[in-house]
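In what follows, every chain begins at residue 1, and chains take the letters A, B, ... in the order their sequences are listed.
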Amino acid sequence: MSTVADAPLADAAEIRSALEYYAGRDWTDGLPVVPVTESYLAEFLATTSRDPDEVVFGVPHLNRQCTVRLAAINAALAGCLPEYFPVVLAAWDAFADEPYPKKGIWQSTTGTAPLLVVNGPVRERIGLNSKGNVFGSGFRANATIGRAIRLTAINVFGLRPHQLDQATQGTLAKYSACIAENEEESPWEPLHVEHGLSPSDSAVTAMVVRSCLHIEARHTRLPEQLGLDLADSIRRTGALIHETSSALIVLGPEHARVFAAAGWNKDDVRRFVFEHAVNSRSELAAVGKDAVSRHTRWRLPADHPDAVPDHASRSDDPDRVPALVAPGAVQVMVAGANNAGVSTIIEAFGPRDHAVAIARVGDLDD
Amino acid sequence: MTGRERLLDPTGFDERTADTTLAPRPAGLRGLTVGLVDNTKPNAQVLLSEIAGELSRRFGTRGSRMYTKGYFGTPMEDDLLKQVAEECDVVVTAVGDCGSCSAATVADGIMLERAGIPAVSVISDSFLMSARAMAAVQGFPGFEFIAVEHPVASLDAGRLRDRVLAVMPDVQRILGAEA
């Protein structure tokens with residue numbers, strides 16, 4: 001017998017029939033969901049002081065709104081525990097400040113994913129992983145809070161693949177993408193404090209991301225060498241759809257200490273990366289991205305009928321084309337285990353300068 | 001234990017009443033003003049101008065006016081919708097050749113029809129599903145639009161003209177101007 005003596009009894013056929021009901025309605029991301037009834041929903045709604053009918057996020061052009069109640073049903077479906085729900089609500093509050101989701105980016109061929117970064121004491125309280133395998137599997141809070149956003153996109157906003165979600169390929173992060181900052185092993189102030197919140201606050205930062213680049217640099221103690229590795233990855237021409245791009249650098253603790261030991265703070269990292277994330281005009285011409293389109297300002301070849309010169313071509317040094325609009329196009333945080341010279345660059349969608357969509361997690365005082 | 005309860009529906013519900021009534025069609029296109037709504041995607045203006053030129057040659061429309069949307073991924077702004085509806089008799093909107101703009105182009109067509117203006121939404125045929133899904137979301141499942149062969153953005157003028165000629169019979173039919 002392959003059972004444990006005190007395992008509970010269950011009617012597996014009935015459980016399966018509930019799972020198949022959801023799957024049959026296309027109310028999933030492809031994985032099984034947790035069945036949700038009014039009494040289970042009530043446990044989620046009890047964790048917040050907000051009205052169940054309050055709208056937390058709307059996409060007017062899709063004629064759809066997500067209420068607290070719908071956010072809770074989808075969080076429960078995703079496998080969240082009720083105590084995670086204030087974090088899910090903060091994630092929606094943060095997305096409300098993000099320019100792209102309400103403008104249709106989740107329908108786009110670009111195929112972005114929502115990424116959540118959680119800071120503050122709530123990480124410990126609900127078991128969010130910020131250390132080893134921070135982008136990996138194995139942690140319920142990370143896995144299900146990220147998935148709650150995806151299931152809401154599918155169910156509430158109708159953003160199903162092959163229908164309103166027209167991603168050409170999408171990204172693996174579309175299943176779930178929620179990480180926490182390793183504040184304890186960071187030499188610097190955490191992301192939410194940098195953006196004006198108190199260290200005792202808990203907060204969610206929401207981003208729209210396309211890809212996740214792995215940075216290996218185990219050999220160096222020199223901040224300039226490490227900084228060039230980061231800048232070289234950020235400037236890659238394949239990432240450029242717009243005139244410039246933006247990025248979140250998720251430094252492993254070891255890399256953060258390389259910078260900190262040399263006396264660099266986050267702004268020093270940002271400035272160095274900005275100054276070195278530059279392509280030459282000829283490098284861009286070689287891939288047909290040396291100009292931009294008149295209205296959308298997407299990169300295209302200078303001989304395209306819709307082409308106009310990019311901003312850099314009007315500068316003192318037109319052959320030097322920055323891949324970032326300003327140092328503030330780069331956010332810096334620390335996550336992962338303190339065990340190797342490994343970091344990650346998250347490519348965020350859109351040109352931007354220091355615009356971060358961040359919201360405080362409410363209803364945690366008890 | 002709470003016992004057996006109904007499973008909950010996790011979807012948003014559509015508050016907008018379904019309205020699948022098209023604007024009244026004109027008796028003919030002669031002398032009418034054609035509105036062209038450019039969503040700023042590459043080649044949209046060229047495609048729209050070709051269609052307007054064909055309508056003028058074939059039916060004697062009076063002329064055309066080009067309008068430019070603020071952002072391709074969302075439907076026309078209310079002010080622009082009002083202006084177009086006041087200044088034009090029939091409208092063509094293009095080009096829905098991406099995930100968000102295919103849906104938005106169909107939404108534009110539906111909004112114009114509801115404002116009383118016969119409208120032709122032009123998308124590329126890679127985005128049929130997105131366009132249909134948007135029509136359903138807007139409470140107008142089955143809304144008819146034009147799907148030209150994908151791609152559009154990378155075409156030269158000659159190939160773009162071929163695309164236009166291929167769909168002109170559908171443009172005419174949607175506007176109620178059978179040849």
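In this structure, B/Glu77 contributes its side chain and B/Gly70 its backbone to a donor-acceptor pair below 3.5 Å. Using modelled atom types, no side-chain atom of B/Arg114 and backbone atom of B/Gly109 make a donor-acceptor pair closer than 3.5 Å. Under a 3.5 Å cut-off, the side chain of B/Asp89 and the backbone N or O of B/Thr33 do form a donor-acceptor pair. Here the side chain of B/Asn39 pairs a donor or acceptor atom with the backbone of B/Val95 at under 3.5 angstrom.
Of the listed residues B/Asp9, B/Val46, B/Thr68, the one with more heavy-atom pairs under 4.5 angstrom with chain A than any other is B/Asp9. Most heavy-atom pairs under 4.5 Å with chain B, from the set A/Lys103, A/Lys102, A/Gln163, A/His162: that is A/Lys103. Highest contact tally toward chain B, considering only A/Phe157, A/Tyr40, A/Trp298, A/Tyr22, is held by A/Tyr22 [criterion: heavy-atom pairs under 4.5 Å]. Of the listed residues B/Asp156, B/Leu7, B/Thr74, the one with more heavy-atom pairs under 4.5 angstrom with chain A than any other is B/Leu7. Most heavy-atom pairs under 4.5 Å with chain A: of the set B/Ala133, B/Ala103, B/Gly99, B/Pro10, this distinction falls to B/Pro10.
In this structure, A/Phe44 and A/Phe85 have perpendicular ring planes: the angle between them is above 60°, well past the 30° mark.
Contact of A/Arg25 with chain B is not made at all, since no heavy-atom distance falls under 4.5 Å. Heavy atoms closer than 4.5 Å to chain B are found in the side chain of A/Asp306, but not in its backbone. In this structure, chain B has a heavy atom under 4.5 Å from the side chain of A/Leu41, while its backbone stays farther away. Only the backbone of B/Ser126 comes within less than 4.5 Å of a heavy atom of chain A; no side-chain atom from C-beta onward does. Heavy atoms of A/Leu77 lying under 4.5 Å from chain B belong exclusively to its side chain. Within the 4.5 angstrom heavy-atom criterion, only side-chain atoms of B/Arg4, from C-beta onward, approach chain A. In this structure, the portion of B/Ala153 lying under 4.5 Å from any heavy atom of chain A is its backbone and not its side chain.
Taking the six-membered ring for Trp and the full ring otherwise, B/Phe72 and A/His295 have centroids separated by 6.0 Å or more.
Atom-to-atom distance recorded for B/Met66:CE and B/Leu36:CG is 5.0 Å, nearest 0.5 angstrom.
For the pair B/Lys41 and B/Asp97, the salt-bridge criterion is met [side-chain N within less than 4.0 Å of a carboxylate O].
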